[in-house]
Amino acid sequence: MNAANLIKMANQIGSFFSTMPDHEQAVADLAAHIKRFWEPRMRRALLAHVEQTQGAGLSPIVLEALERHAGLLAA
């Protein structure tokens with residue numbers, strides 16, 4: 001998986017969820033969206049990117065969602 005493409009897609013999703021008034025709900029919904037619509041390979045590649053680079057290139061809300069919900073997303 002191309003990390004640059006995954007980062008771009010994740011940040012686009014993050015842009016949408018960042019407009020929600022409830023930040024905690026936005027983080028949870030962002031993680032749920034990625035879990036629901038991304039195949040496991042894509043999720044694992046994005047989590048590996050976070051682990052290897054501390055999330056370089058990811059928006060703060062995306063990084064927060066990935067770190068908080070890593071267990072959910074890795075499955």
Side-chain angles (χ1 to χ4, degrees):
M1 302 264 87
N2 182 330
N5 287 337
L6 295 175
I7 292 166
K8 180 180 176 184
M9 289 188 299
N11 284 340
Q12 288 173 335
I13 295 165
S15 290
F16 171 80
F17 285 103
S18 69
T19 64
M20 294 177 66
D22 183 342
H23 179 76
E24 296 301 316
Q25 188 65 50
V27 169
D29 289 351
L30 194 160
H33 178 89
I34 290 174
K35 172 70 175 177
R36 207 171 314 135
F37 295 108
W38 285 31
E39 68 175 38
R41 244 179 350 148
M42 294 168 69
R43 295 192 311 262
R44 286 192 300 267
L46 191 57
L47 290 171
H49 170 76
V50 170
E51 188 175 309
Q52 293 165 1
T53 69
Q54 290 70 50
L58 291 169
S59 70
I61 192 169
V62 173
L63 184 57
E64 183 178 355
L66 294 173
E67 290 175 339
R68 276 199 199 174
H69 300 283
L72 169 76
L73 297 170

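Only heavy atoms go into these numbers, but all of them, side chains included; no hydrogens, no water, no symmetry mates.
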*Take L46 and L58 through the side chain to side chain contact (heavy atoms under 4.5 Å, CB included) test and state the conclusion after the steps.*
CA-CA 10 Å; L46 191 57; L58 291 169; 4.2 Å; yes
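- Minimum heavy-atom separation, L30 to A65: CD2-CB, 3.9 Å.
- One hydrophobic cluster, built from ILVMFWY side chains closer than 4.5 Å, holds both M20 and I34.
- In this structure the side chain of W38 reaches within 4.5 angstrom of the side chain of L6, judged on heavy atoms.
- Among residues two or more places apart in sequence or in another chain, the side-chain contact (heavy atoms from CB on, under 4.5 Å) test is passed with T53 by H49, A56.
- Atoms NE2 and CD, on H69 and E67 in that order, are 11.0 Å from each other to the nearest 0.5 Å.
- If you chain together hydrophobic residues whose side chains sit under 4.5 Å apart, F37 and L66 fall into the same group.
- Listed by first then second residue, pairs satisfying salt bridge (Lys or Arg N to Asp or Glu O under 4.0 Å) with a partner in residues 26-41 read E39-R41, not counting sequence neighbours.
- Taking H23 as the reference, nothing meets the ring-ring contact (aromatic ring centres under 6.0 Å, His included) condition, with sequence neighbours excluded.
- Take F16 and apply the ring-ring contact (aromatic ring centres under 6.0 Å, His included) test, not counting sequence neighbours, and it matches no residue.
- Legend: residues meeting salt bridge (charged side-chain N to carboxylate O under 4.0 Å, His left out) with R68, ordered by chain and number and at least two apart, are E24, E64.
- Screening residues 45-56 for salt bridge (Lys or Arg N to Asp or Glu O under 4.0 Å) gives no qualifying pairs among residues at least two apart or on separate chains.
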_As a quick check of understanding, evaluate side chain to side chain contact (heavy atoms under 4.5 Å, CB included) for I13 and V62, giving each step before the final call._
CA-CA 8 Å; I13 295 165; V62 173; over 6 Å; no
